[in-house]
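Notes for the one structure printed next.
Count residues from 1 along the sequence. The model shown is predicted, which means the values in this text are computed figures rather than measured ones.
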Amino acid sequence: MTQAPSSSGDVEQLHAQQEIRDVLIRYARGIDRMDVELVRSTYHPDAHDDHGAYQGDRDGFLAWVQEALSYFDSTMHFIGNQLVEVHGDVAHAESYCVAYHRRRAREGEPGHDLVTALRYVDRMECRDGEWRIANRRCVFDWTRRDP
């Protein structure tokens with residue numbers, strides 16, 4: 001049985017964990033709606049992103065992801081298990097994700113769904129009272145393509 005928080009430090013840590021989880025959910029929402037400004041708001045300006053095919057700064061990532069996702073008609077990034085460990089103004093988070101990418105049939109090409117299981121391994125930092133991603137590494141567990 002889990003005990004209720006017993007001190008203001010426990011409450012602050014729970015609050016920080018929830019703020020970080022909100023950042024990660026806003027990221028998925030921004031990606032799926034192709035809302036570049038929403039995605040931008042989840043990263044610190046000097047953040048680094050390693051998405052495998054892209055490794056670099058926040059603005060480069062935003063340009064790359066817009067191009068990469070333009071190939072698909074829609075996406076849905078489902079965030080599942082999350083482990084968030086907060087240490088002052090720095091936190092480490094690992095979030096499981098299943099990402100669905102849909103492409104309808106086009107001339108000479110059958111439609112398909114690309115499904116990817118991955119984990120976002122993030123270093124989060126709280127700067128000026130706001131949690132954002134400082135460093136992200138994507139760990140790809142598996143991918144499949146369904147007709």
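Remark: Cys97 SG to Met76 CE distance equals 9.0 Å, nearest 0.5 Å.
The main-chain N or O of Asp49 is never found under 3.5 Å from a side-chain atom of Arg58 such that the two would form a donor-acceptor pair. Side-chain N or O atoms of Arg132 include one that pairs as donor or acceptor with a backbone N or O of Tyr43 at under 3.5 Å. At least one donor-acceptor pair closer than 3.5 Å links the side chain of Asp50 to the backbone N or O of Gly52.
Residue pairs meeting the ring-ring contact (aromatic ring centres under 6.0 Å, His included) criterion with at least one member in residues 111-141, sequence neighbours excluded, are Tyr27-Tyr120. The salt bridge (charged side-chain N to carboxylate O under 4.0 Å, His left out) analysis of residues 69-87, with sequence neighbours excluded, yields the pairs Asp73-Arg104, Asp73-Arg106.
Nearest heavy-atom pair across Ser41 and Leu38 is OG-O, 2.6 Å. For the pair Ile31 and Val39, the tightest heavy-atom approach, listed with the atom from each and the gap, is N-CG2, 3.5 Å.
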For this session: Output, in order, the C-alpha distance, side-chain angles, deciding distance and verdict of side chain to side chain contact (heavy atoms under 4.5 Å, CB included) for Tyr100 and Val98.
Result: CA-CA 7 Å; Tyr100 300 89; Val98 178; 3.5 Å; yes
For this session: Please test Asp141 against Arg119 for salt bridge (charged side-chain N to carboxylate O under 4.0 Å, His left out), starting from the C-alpha separation and ending with a verdict.
Result: CA-CA 8 Å; Asp141 293 318; Arg119 288 170 284 133; 2.9 Å; yes
Exercise. Checking side chain to side chain contact (heavy atoms under 4.5 Å, CB included) for the pair Gln18/Val23: CA distance, chi angles, key distance, verdict?
Worked result: CA-CA 9 Å; Gln18 187 58 50; Val23 168; over 6 Å; no
For this session: With salt bridge (charged side-chain N to carboxylate O under 4.0 Å, His left out) as the test, would you mind laying out the steps for Arg21 and Glu19 before giving the verdict?
Result: CA-CA 5 Å; Arg21 287 184 175 108; Glu19 287 182 346; over 6 Å; no
Exercise. Does the ring-ring contact (aromatic ring centres under 6.0 Å, His included) test come out yes or no for Phe78 and Tyr96, once each step is laid out?
Worked result: CA-CA 8 Å; Phe78 178 79; Tyr96 283 63; over 10 Å; no
For this session: Go through the steps to decide whether Phe72 and Arg102 satisfy the test side chain to side chain contact (heavy atoms under 4.5 Å, CB included), and finish with yes or no.
Result: CA-CA 6 Å; Phe72 298 100; Arg102 172 148 291 177; 6.0 Å; no
Exercise. Can you list the steps and then say if Met34 with Leu69 is a side chain to side chain contact (heavy atoms under 4.5 Å, CB included)?
Worked result: CA-CA 8 Å; Met34 293 296 284; Leu69 293 182; 3.8 Å; yes
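Salt-bridge check for Arg127 with Asp46: passed, with a basic side-chain N closer than 4.0 Å to an acidic carboxylate O. At a threshold of 4.0 Å, the pair Arg123-Glu125 counts as salt-bridged, since one of the basic side-chain nitrogens sits closer than that to a carboxylate oxygen. Ion pairing between a basic and an acidic side chain is recognised when a charged N comes within 4.0 Å of a carboxylate O; Arg40 and Asp59 show such pairing.
Residue Arg137 places its CZ atom among 12 or fewer non-hydrogen atoms of other residues, nucleotides or ligands, all under 6.0 Å distant.
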